[in-house]
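To keep things clear, I will list the structure first and then write my remarks on it.
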Number of protein chains: 2
Amino acid sequence: MKTQTVTRKSFRREGEDKRREDLIAATLECVAERGLAGATVREIALRADVTAGLIRYYFPTKDDLIGAAYRAVMNRMTVQASDALQNAPNDPRARLYAFVTANLGQPIMDPNNLSLWAGFIGLVHADPAMAVAHREGYLGFRDELEALIREALLAVGKPAEAIHTRRHAIAINAIIDGLWLEGCLAGDIFADGELADTGITAIEAVLGISLKAEGGAP
Amino acid sequence: MKTQTVTRKSFRREGEDKRREDLIAATLECVAERGLAGATVREIALRADVTAGLIRYYFPTKDDLIGAAYRAVMNRMTVQASDALQNAPNDPRARLYAFVTANLGQPIMDPNNLSLWAGFIGLVHADPAMAVAHREGYLGFRDELEALIREALLAVGKPAEAIHTRRHAIAINAIIDGLWLEGCLAGDIFADGELADTGITAIEAVLGISLKAEGGAP
DNA sequence: CCAGTATTTATACGCTTGCATAATTAGAGC
DNA sequence: GCTCTAATTATGCAAGCGTATAAATACTGG
């Protein structure tokens, strides 16, 4: 008769996609709470209720997991912004308005997102693969923004040549990024909606059109 | 007769300030080249041509050294921007112009600076001491900017009440931060001076005044 | 219900890390 | 030139890291 001296952790088998998602989610939790350095394989495994060895079964190396997590964050923010567009009215100016305010409010403007983003950005300079991942995300965002800007300009009968819309996209992207940063880092010193409001006002000034009321062109 | 079996590293005693500066400089090198994770006490000591133990003689803990390095970076950027102000003409609008372009050009807009900044920002959320250091730097920068904005507005006879200048400072700070970010991350895809130019144009639009030519008020 | 396999656990190894502490030495002051 | 002390080196340690690999187990298809 054999006594059960040690008990092995019971477990359930999960689909590959589910596990990957869980592991990425656990990684994001770690980074958000304790910085990139706090995202150790053991801590990640603990949060995912899994043993450390399993991580390597799904991700060849820890850096692969980290990279996947980065892409997940960026993708999530992109999707959230796109969702706001889906629910926006059909008017081009209203769509640009919705896009901007979505990026400057919850859940995109969140300290956790910034921690994640900053931790990864710090690696961009050293890791070429991360650099590629980042550039793609940045250009994708800016292109989407530029399209919105063009349509908004055309809607009020303003010229919208590529040379100008590119410049506008660069500037407005900067406004969004900058305000997003400020809000993530010190959201408590701003009134609710103040940053989104500030962003809209600044963007209206840059484009020379109104985004809220009717009638922008003279 | 005693043979010299092992040779001990020869060294010179240095002043406390000099050593601290050297150690901070070595830290910044490490972070810039290989990210925050690459800044280990041993690597830092190597670059400073010193043994690892000495670090603890000047900084109680590694985090203290990291924090000091962060403050040094921010301070350096602040000083460089202030230098640009010193050499600027006395006209308020020219001074704001100089401040903006200085922050959006070399040596402030540099990938290394971003790596350092991002690495540290990633810690802000987890480490209260870093959070304090950051907030002080941020508010200091914004206050300086707000003062420049007020003077520029007054110079052209525009109203410059605190409620408005604060908003302007928030927006323009965002423009500068956002463009600085873009330039640091992907400076190669922009023409020389393009970002500074874009920034000036956007800021002029936000304030409704010209910063280059004479005569801004109607 | 049984076998086979993909998934998961468990264990261990080698390395690096930050930090402590003892031994040494350069340089200042008398 | 001697002495004393503060600055520096050298050595070691315990903890935590990522990764490798073998053993165990839950599920799938027949």
Side-chain angles (χ1 to χ4, degrees), chain A residues 2-24 26-27 30-31 33-69 119 123 126-127 129-130, chain B residues 2-24 26-27 30-31 33-69 119 123 126-127 129-130:
Chain A
K2 192 160 157 201
T3 47
Q4 190 176 1
T5 53
V6 292
T7 53
R8 214 179 157 88
K9 180 181 189 295
S10 74
F11 62 91
R12 280 187 52 216
R13 297 184 150 192
E14 292 285 2
E16 178 171 333
D17 290 352
K18 173 74 160 59
R19 271 280 186 263
R20 287 192 124 88
E21 283 170 26
D22 284 354
L23 288 173
I24 288 175
T27 304
C30 290
V31 179
E33 279 188 29
R34 301 176 30 203
L36 244 193
T40 68
V41 286
R42 285 168 175 84
E43 181 69 24
I44 292 168
L46 195 68
R47 304 229 182 196
D49 193 29
V50 142
T51 56
L54 191 63
I55 289 180
R56 239 179 65 79
Y57 186 78
Y58 288 103
F59 298 93
T61 184
K62 188 198 165 189
D63 285 344
D64 290 291
L65 171 55
I66 298 289
L123 302 180
D127 182 349
M130 287 295 253
Chain B
K2 194 163 160 198
T3 47
Q4 191 177 3
T5 53
V6 291
T7 52
R8 214 180 157 89
K9 180 181 189 296
S10 75
F11 62 91
R12 280 187 51 215
R13 297 184 150 192
E14 292 284 2
E16 178 171 334
D17 292 351
K18 173 75 161 58
R19 271 281 187 261
R20 286 191 127 88
E21 282 170 24
D22 284 354
L23 288 173
I24 287 175
T27 304
C30 290
V31 178
E33 279 187 30
R34 300 175 32 202
L36 243 194
T40 67
V41 286
R42 284 168 175 82
E43 181 68 25
I44 293 168
L46 195 68
R47 302 228 182 198
D49 193 29
V50 143
T51 56
L54 190 62
I55 290 180
R56 236 180 67 79
Y57 186 78
Y58 287 103
F59 298 93
T61 183
K62 189 198 164 188
D63 285 344
D64 291 292
L65 171 55
I66 299 289
L123 302 179
D127 181 351
M130 288 294 258

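Residue numbers start from 1 in every chain, and the chains themselves are labelled A, B, ... in the order their sequence lines are given, proteins ahead of strands.
- Between B:Phe11 atom CZ and C:dG27 atom P the separation is 8 Å, expressed in whole Å.
- In this model, no side-chain donor or acceptor of B:Arg13 finds a partner on the base of D:dT8 within 3.5 Å.
- As rounded to whole Å, 9 Å separates atom P of D:dT19 from atom CG of A:Asp64.
- For A:Arg8 and C:dT8, the CZ to C1' distance is 8 Å, given to the nearest whole Å.
- Computed from coordinates, the A:Ile44 CD1 to D:dC17 P distance equals 10 Å when rounded to whole Å.
- Salt-bridge check for A:Lys18 with A:Glu16: failed, with every basic side-chain N at 4.0 Å or more from each acidic carboxylate O.
- To the nearest 0.5 Å, the span separating CG on B:Leu65 from CZ on B:Phe59 amounts to 5.0 Å.
- Looking at heavy-atom distances under 4.0 Å, B:Ser10 makes no contact with the nucleic acid at all.
- For C:dT16, the OP1/OP2 oxygens have no side-chain nitrogen or oxygen of B:Thr40 closer than 4.0 Å.
- Taking the side chain as every heavy atom from C-beta outward, A:Glu33 and A:Arg47 approach each other to under 4.5 Å.
- B:Lys62 places its NZ atom 15 Å from the P atom of C:dT16, with the value rounded to the nearest Å.
- A side-chain hydrogen bond (donor to acceptor under 3.5 Å, both in side chains) check over residues 54-63 of chain A, counting only residues at least two apart or in different chains, returns nothing.
- Ionic pairing of A:Asp49 and A:Arg12 is not present here: no N-O contact between side-chain nitrogen and carboxylate oxygen is shorter than 4.0 angstrom.
- The distance from the CG atom of B:Leu54 to the CZ atom of B:Arg19 is 6.0 Å, given to the nearest 0.5 Å.
- One atom, CG of A:Asp63, and another, C1' of D:dC17, lie 13 Å apart when rounded to the nearest Å.
- The side chain of A:Arg12 lies closest to D:dC27, out of D:dC27, D:dT8, D:dA23.
- Each of A:Glu14 and B:Ala37 was matched to the nucleotide of DNA chain C holding its nearest heavy atom; the match closer to the 5' end belongs to A:Glu14.
- Between B:Leu46 atom CG and D:dA10 atom P there is a gap of 13 Å when expressed in whole angstrom units.
- The separation between B:Leu23 atom CG and D:dT9 atom C1' is 14 Å, rounded to whole Å.
- Using a 4.0 Å heavy-atom criterion, one finds that A:Glu16 contacts no nucleic acid atom at all.
- Across all strands, A:Phe59 comes closer than 4.0 Å to no nucleic acid atom at all (heavy-atom distances).
- Between A:Val41 and A:Lys9, the residue anchored nearer the 5' end of DNA chain D, judged by the nucleotide with its closest heavy atom, is A:Val41.
- Between C:dT7 and A:Tyr58, no contact under 4.0 Å exists linking OP1 or OP2 to a side-chain N or O.
- Salt bridge status for A:Arg20 with A:Glu14: absent, with no side-chain N to carboxylate O gap under 4.0 Å.
- Using a 4.0 Å heavy-atom distance criterion, B:Arg19 is classed as a sugar-phosphate-only contact.
- Across all strands, B:Arg42 comes closer than 4.0 Å to base atoms (heavy-atom distances).
- For the contact set between residues 47-57 of chain A and DNA chain C, defined by any heavy atom under 4.0 Å, the members are A:Val50, A:Thr51, A:Gly53, A:Leu54, A:Tyr57.
- No side-chain heavy atom of B:Val50 sits under 4.5 Å from any side-chain heavy atom of B:Ile44.
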